[in-house]
Every structure is written in C-alpha cells, then in structure tokens.
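For reference, the structure is listed below as structure tokens.
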Amino acid sequence: MRVLSGIQPSGSFHIGNYFAMMKKMIEYQEKQELFAFIANLHAMTSLPRGDVLASYTREAAAGFLSLGLDPEQSVFWVQSDVLEVTELTWVLSNLTPMGLLERCHSYKDKVAKGIVANHGLFAYPVLMAADILLYQSDRVPVGKDQKQHLEVARDIAIKFNNDFGETFVVPEPEIDEDVAIIPGTDGQKMSKSYGNCIEIFCDKKTLKKQVMGIVTDSTPVEAPKDPDKCNLFAIASLFLSRDEKEDLAQRYRAGGLKYGEVKKDLVERIWEFFAPYREKREALLADQDRLHAILKQGAGKARDVAARTIGEVRKRTGLRYWV
Ligand code: TRP
C-alpha cells in the first residue's frame, strides 16, 4: 500500500506540524511504502517567491530529513523536481468543472478574507489531485482542513477513469479525526497564520520567548488548578511520559503550582527533545551538495513512477499523437 503526503515549506516547522503530521509520517515508513514531498509549487500560492521560497524549501527538506524521514526507505523529493506533475495538472484541469473548485472552502475562505485570488490559488486543488494521482497513491493521510481537497482528487480520478478507462488508483483519504489538535500558545490550533507557534528549530532565546508566551489563567498560585483546562498542560504533555504527566496533573490539583516554573521546565524539555535533530539539520544545511544529492535521488525515484503514469495519460488522452 502506498501512502502519500505533501507538506508546504512554511519557513519553520512548529511542534504542531511535528506531532500532528511529521511524526506519523516517520512512523509510517516502517510499515508502508511512503511517498513524501515538499510542496513548493503549492507554496507559491502563499509565499513570497524568490529567495524566500528557495530557502524555505531547503530548510523544510533538511528539517524533515533530520527528524527521521529516511530517503533510502521512502521516496522523498521536492515537488517541482518532477515536472510531470504540472503536465498532469493541465490534463486534469480539462476535466475539472469550475463549480467543483468554486465550492472549495479553503478557496472561499481566503476570498472571504479579502485575498485577491489568482488562478494559482483557484487551481490549487487540481495540482493537489495531480500529486496524488500521478503517484498512484492508495492512501493520503490529511488533516480535516484538507478533506475536501481529497474529495476533489477522488472526483477527478473517477471522472478520468470513466472517460478514458482505468488509469488512476482512486485514493482513500485517511482523516484522523482524533489526531489531537495541538494547541498553540493562545489555545487555538497551532498555526503559522495565527502567530501562536512554538518552533522546533529556532534558537533557545526564541524558544523561551514562545514558551513563556503560553497563555495561562490568573488562578492564584496557592489555588488548585484544573490541568484539563490548561493550555500549558496540554502542550507540556506532549513532552512528558505518562507518569510524568500524572505527576504534573497532581501538582496542578494540589495547589501551589507556579505556571512560570512549568514553563521553564518545558523550555528545557523541548530544547532537549529536538537537540539531536537540530544538529542533524544544521549539518545538512551546511552541506548543500549532500542535501541536493539526496533530493535529486528522491526525485529520480518519484519520476520513475510519474513517467509510467504520464505515459499512460498521454496515450489515453491523445497527447501522444503517433501510433
Ligand atoms: N495542501 C496540503 C497542505 O497544505 C499539502 C499538499 C499538497 C498535499 N499536495 C498534497 C497533501 C498531496 C497531501 C497530498 O497541507
């Protein structure tokens, strides 16, 4: 079974990315065939292009590799290194009804927020369908926010298969309803766009600032506190063993707990937790030739699969015009 996932290079990964998605991907590769890529073409819809896009892409690739994505065992590449995906996007565009895209929430939400949409943003789900179908993915684990995009991909696959004969695997979504939503420092879902992140690979001063900024209530120190209602507790739990978590919960309930102390301890925990990955990432970023070689090799493996699919698509659609 082939599992595929893409992640946009958004600058720096935060612990929400890690616990909700990357950690799962890294565990997947033990059991499944994993295809994972850095979605830099998608990022063009929201990032400043040029140097920023390029450096974010390198950093995302180095970050994912350092966290344990194994480029030997899995197929790991940068989206734009396999150009077949843009060709397939065009082919699929020609069987995608406007209405299907006009109904997409993420597009509608952005327009509602006042973003002046360009065609790239509108066509985003078609490119995503091309990602999924090009590599004949069986399963695509995504968050709830991407559920509709996956339905679009399925609709397009079914339509192509009906019109031109069985060509694509119709992908199954894997929507983890109970993936804990990782709260940000303000208690909302951790997200770059809310500015409530705790980054994985920042310097220690920044980490301290972010952790100290976790919003807590104003219960007096002596009073007992409810861990289940505390955002700080939820974040800290990610880095605690079960026993440690229980201990901390008891300290909450007993009264006398200072949030500041929990935060100080959390800074150290997070710093230690990611320390080995941080070193690996630095080393990779310092050796760009090596990083590039890994990504080129990954793109080669991805292209083997892509070329087979696109060959079939060309034949069936008549883009291959000789017999
Ligand atoms: N749209 C996804 C996101 O923002 C990223 C993505 C692009 C993706 N292509 C994909 C995810 C294909 C899964 C499969 O999270």
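Counting starts at 1 for both ligands and their atoms, following the listed order. This one's a predicted model, so the numbers in the text were calculated from it and none came from an experiment. Nothing fancy with the numbering, it's 1 onward along the sequence.
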### Task
For the pair Thr57 (side chain) and Ser55 (backbone), establish whether a donor and an acceptor sit closer than 3.5 Å, ignoring hydrogens and angles.
no
### Message
Quick one: does any side-chain atom of Lys192 pair with a main-chain N or O of Ser10 as donor and acceptor, under 3.5 Å?
### Response
yes
### Task
Please identify each residue that fulfils salt bridge (Lys or Arg N to Asp or Glu O under 4.0 Å) with Lys280, with sequence neighbours left out.
none
### Query
Taking the six-membered ring for Trp, are Phe19 and Phe273 parallel (under 30°), tilted (30 to 60°) or perpendicular (over 60°)?
tilted
### Query
Hey, mind stepping through Arg316 and Glu312 against salt bridge (Lys or Arg N to Asp or Glu O under 4.0 Å) and telling me if it holds?
CA-CA 6 Å; Arg316 289 177 185 267; Glu312 199 57 37; 3.0 Å; yes
### Query
Does Glu268 come within less than 4.0 Å of Lys204, counting only side-chain N to carboxylate O?
yes
Pairs under 3.5 Å, nitrogen or oxygen of ligand 1 with protein nitrogen or oxygen:
unit_1, atom_1, unit_2, atom_2, d
ligand 1, 1 (N), Tyr124, OH, 2.7
ligand 1, 1 (N), Gln146, OE1, 3.0
ligand 1, 4 (O), Gln8, NE2, 3.4
ligand 1, 4 (O), Tyr124, OH, 3.2
ligand 1, 9 (N), Asp131, OD2, 2.8

